Amino acid sequence: MDVKRQTTAESTVVALKKTIEEHRQWMVSQGYTQSTRKEYQQRLTQFTDFITSGSYAWQDIFNRATIESFKGRAHAITSLSRYLYEQGK
């Protein structure tokens, strides 16, 4: 992997982790149950690992092909994607 792509992939993972934490806090403020938050956190951690291993750019994370390639339960990713859209990110 070239240096530019590696730097992009690393910054994508940092941004994703930050966004996941913001999403988690939002879920608390919206009254999601602890069990739902825990399940989503587990799925989003797996998704982060998947994104890290694939060296994705930010604009490629939430497209249909990437989510289908993840093959995990997509509810958490859909929720995160919806949160980002609503926040204008």
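These numbers come from a predicted model, not from an experiment. Numbers here simply count residues along the sequence, with the first being 1.
- By the salt bridge (Lys or Arg N to Asp or Glu O under 4.0 Å) test, E21 pairs with R24, sequence neighbours left out.
- The structure places OG of S79 at 8.0 Å from CG of L44, a figure rounded to the nearest 0.5 Å.
- In this structure the side chain of Q41 reaches within 4.5 angstrom of the side chain of I20, judged on heavy atoms.
- Between the CD1 atom of I67 and the CZ atom of R64 there is a distance of 9.5 Å, given to the nearest 0.5 Å.
- Applying the salt bridge (charged side-chain N to carboxylate O under 4.0 Å, His left out) test to every pair with at least one member in residues 74-86, sequence neighbours left out, gives no pairs at all.
- Under the 4.5 Å side-chain criterion, counting only non-hydrogen atoms from C-beta, L16 is in contact with L80.
- Every ring-ring contact (aromatic ring centres under 6.0 Å, His included) that Y83 has, sequence neighbours left out, goes to H23, W26.
- T52 places a side-chain N or O within 3.5 Å of a backbone atom of T48 that can act as its donor or acceptor partner.
- A heavy-atom distance below 4.5 Å is found between the side chains of I51 and T66.
- In this structure, the side chain of T19 engages the main chain of A15 through a donor-acceptor pair within 3.5 Å.
- Partners of E22 by side chain to side chain donor-acceptor pair (under 3.5 Å), not counting sequence neighbours, listed by chain and number: K18, K89.
- With R37 contributing its side chain and Y32 its backbone, the two residues share a donor-acceptor pair below 3.5 Å.
- Using a 3.5 Å distance cut-off with no hydrogens or angles, the side chains of T36 and T33 do pair a donor with an acceptor.
- Under the rule for a side chain to side chain donor-acceptor pair (under 3.5 Å), D49 has no partner lying at least two apart in sequence or in another chain.
- Residue-environment remark: CD (Q34) stays at or below the threshold of 12 foreign heavy atoms within 6.0 Å.
- Between F62 and F47, the ring planes lie tilted relative to each other; the angle falls in the 30° to 60° range.
- With a 4.5 Å cut-off on side-chain heavy atoms, F50 and T45 do not count as touching.
- Pairs passing the salt bridge (charged side-chain N to carboxylate O under 4.0 Å, His left out) check and including a residue from residues 51-62, sequence neighbours excluded, do not occur.
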